[in-house]
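Small disclaimer: the values here were computed from a predicted structure and weren't measured. Just so it is clear, the values below take in all heavy atoms, side chains as well, and ignore hydrogens, waters and symmetry mates.
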Amino acid sequence: MKSLSTLIQCLEKPLVTGPINRPVATVTMDSRQCGQDALFVAVRGTNVDGHSFIPSLSGRGVAAVVCEEIPADHDPEITFIQVPNTSHALGRLASEWYDNPSSKLRLVGVTGTNGKTTTATLIYEMARLMGHKAGLLSTVVNYIDDKAVAATQTTPDALTINRLLHEMVEAGCTYAAMEVSSHAAHQQRIAGLTFAGGIFTNLTRDHLDYHRTFAEYLKAKKIFFDNLPETAWALTNGDESHGEVMLQNTRAKKYNYSLRQVADFMGRIIENRLDGMLLSLNDVEIETQFTGRFNAYNLTAVYGASSLLGWNNMDILVAMSRLVPVAGRFQTFRSSAKGYTAIVDYAHTPDAVVNVLTAIKDVTNGNGKIITVVGAGGNRDKGKRPIMAAEAARLSDRVILTSDNPRFEEPGDILADMQEGLDAEARTRTLSIVDRKEAIRTAAALAGEGDVILIAGKGHEDYQEIKGVKHHFDDREVVREIIAGE
């Protein structure tokens, strides 16, 4: 229990109608969870407006409602608190409700189109290798020290974020890393959080079904840096054209990392292989278990963040040599019977597909065929579908277009959209196989000694979402099964 008067002190100039000297038993944005002494925050979502549920709260003992508009015929038994933006207010209230857990952690946020999961996860792993208890909020899985907690969104709602951060503090964690999606920044899910630092990886086309334009997508990412405090640091990719834009209005201390130019933290690939990479970080060489230029950027960002967190430089380098790839991110499987390598990767944007295929081409150097299995998600940005197919065809010897998560669309329609990106020559090297398992089997049948199969789009996911139902499906399981049967 907390008092309403104490809770709302975190809000800026709220307009209050009704008494505030009353207890609050829970804070929620779900009207179904509203009972005795509940504080309901009416959030305007993309599909549902929480304000529409306010009339249903009468007679349920609700303590207060936070809203942007107070209904004319509101229940006099409920205290109403009017604010300009309830999403922002929810973030503040969630933080206050859980005793501001982010202020008790060294919290690092990672944003960008690609590399968020790997970078955030490796910072979490670095903290643990350095002897600290740490937490992680990511697309793949959340961690409270060494306890795994299932992840359902890239960045959860504000109440879930703060509950998990609170559990980290309770478990003795002193560091935490989290992915910060454009949706989360735009919807104010990170409002009220105290960040020690922020990292920008890169920005390419994605989520335009939500943001509508690339400019709006960029603006959503920039919100995170605009709101960093003076006490924080902001680390940006100096080789990315949007890196400086992210830092234009930040109050945080500015740093950059690069593989191409002089920067605060400089990485350079010395040797690149399918099973690892020799990397130079600020002129010190280390052997890593990662492959590809995109991973060199991720590791350089992790190196920079580790340094900015104040850890000893030589300890950082030793710990980084022990890091392993994140599940479903350039995860390799070797066929001893046929001699090919299969790679499962989460690449689900045109730029990510280019990054992974470029990494493969750099390593193979023209020896062996590259066979790419790729699809695109349903009910998402349709504009990227032909681009992904075109890039896959440009950088592969053979392409198999297949189903990803069709959701409520017909898989055949999605593949037709992808085929629009292929010219006549590319079509001669492309197959369309809706059944994803059959598509992977076909790729394996086509592969021989020295060839590489890229299975892109799902990575760590262990399901396919079809007509609102999630069916178990794991690319990695399928690959293992195929290789075992060869």
Side-chain angles (χ1 to χ4, degrees), residues 328 330-333 335 337-350 352-361 364 366-378 380 382-407 409-459 461 464-466 471 473-483 485-486:
F330 213 90
Q331 195 166 350
T332 59
F333 302 85
S335 167
K338 294 185 65 178
Y340 65 79
T341 299
I343 297 170
V344 173
D345 194 90
Y346 188 55
H348 63 286
T349 67
V353 169
V354 169
N355 285 341
V356 176
L357 284 171
T358 300
I360 294 170
K361 289 182 80 70
T364 57
N367 297 315
K369 300 191 302 291
I370 298 175
I371 304 168
T372 297
V373 179
V374 65
R380 296 292 188 269
K382 292 186 178 183
K384 72 181 183 181
R385 294 173 184 175
I387 303 172
M388 286 178 67
E391 295 291 17
R394 180 174 67 85
L395 295 166
S396 308
D397 297 286
R398 297 294 301 270
V399 175
I400 302 175
L401 301 179
T402 191
S403 182
D404 190 300
N405 287 321
R407 299 184 177 90
E409 284 193 73
E410 291 299 323
D413 294 341
I414 298 172
L415 299 193
D417 287 342
M418 297 188 78
Q419 289 165 357
E420 289 298 317
L422 303 176
D423 61 23
E425 188 279 329
R427 286 172 185 260
T428 66
R429 298 183 286 108
T430 301
L431 298 172
S432 290
I433 302 175
V434 169
D435 186 293
R436 191 173 180 92
K437 187 171 186 177
E438 188 58 34
I440 298 170
R441 285 192 180 280
T442 301
L446 293 172
E449 180 73 35
D451 294 344
V452 178
I453 302 170
L454 170 64
I455 304 161
K458 293 182 63 59
E461 292 179 351
Q464 266 195 304
E465 188 176 344
I466 304 170
H471 303 269
F473 191 94
D474 190 323
D475 287 346
R476 297 162 297 178
E477 288 180 8
V478 174
V479 170
R480 290 189 186 103
E481 176 187 309
I482 293 169
I483 290 174
E486 290 175 342

Euclidean distance, Ile466 CD1 relative to Arg407 CZ, rounded to 0.5 Å: 11.5 Å
Sidechain-backbone polar pair: Thr402 side chain, Val434 backbone, donor-acceptor under 3.5 Å: yes
Check the pair Asn405, Phe473 against side-chain contact (heavy atoms from CB on, under 4.5 Å), reporting the backbone distance first and the verdict last. CA-CA 10 Å; Asn405 287 321; Phe473 191 94; over 6 Å; no
Interatomic spacing from CD1 in Ile371 to CD1 in Ile455 - rounded to 0.5 Å: 10.5 Å
Of all residues at least two apart in sequence or in a different chain, which pass the side-chain contact (heavy atoms from CB on, under 4.5 Å) check with Ala359? Phe294, Phe330
Can you list every side chain to side chain donor-acceptor pair (under 3.5 Å) pair that touches residues 438-454, not counting sequence neighbours? Lys369-Asp451, Arg441-Glu481
Between Met388 and Thr349, the two heavy atoms sitting closest are CG-C, 4.0 Å
Taking all heavy atoms of Ala389 and all of Leu422, pick out the closest pair and write down the distance. O-CD2, 3.5 Å
Shortest non-hydrogen pair, Val373 vs Ala443, comes out as CG2-CB, 3.7 Å
Minimal heavy-atom distance between Arg476 and Gly459, with the atoms involved, is NE-O, 3.8 Å
Check side-chain contact (heavy atoms from CB on, under 4.5 Å) between Ala347 and all other residues, then give those that pass, not counting sequence neighbours. Asp345, Ala352, Val353, Val356, Ala456
Between the main-chain N or O of Asp404 and the side-chain N or O of Gln464, is there a donor-acceptor pair closer than 3.5 Å? yes
With sequence neighbours excluded, residues passing side-chain contact (heavy atoms from CB on, under 4.5 Å) with Arg429: Ala393, Arg398, Glu425, Ala426
Closest approach of Gly448 and Tyr340, non-hydrogen atoms and distance? O-CB, 3.4 Å
How long is the span from the CD1 atom in Ile370 to the CD1 atom in Ile360, to the nearest 0.5 Å? 5.5 Å
Please report the interatomic distance CG(Leu446) to CD1(Ile453), rounded to the nearest 0.5 Å. 8.0 Å
Run the side-chain contact (heavy atoms from CB on, under 4.5 Å) test against Ala337 and tell me which residues pass, sequence neighbours left out. Ser335, Glu486
Check whether any side-chain N or O of Lys458 sits under 3.5 Å from a backbone N or O of Gly328 as a donor-acceptor pair, and report yes or no. no
Could you grab the distance from atom CD1 of Ile482 to atom CZ of Phe333, nearest 0.5 Å is fine? 11.0 Å
Once rounded to the nearest 0.5 Å, what's the spacing between atom CZ of Arg427 and atom CG of Leu401? 9.5 Å
What one should report as the nearest heavy-atom pair of Ile414 and Gly377 is CD1-C, 4.3 Å
Excluding sequence neighbours, so at least two apart, what forms salt bridge (Lys or Arg N to Asp or Glu O under 4.0 Å) with Arg480? none
Salt-bridged, Glu409 to Arg385, with N to O below 4.0 Å? yes
Does any N or O in the side chain of Lys338 come within less than 3.5 Å of the main-chain N or O of Ala447, such that one atom is a donor and the other an acceptor? yes
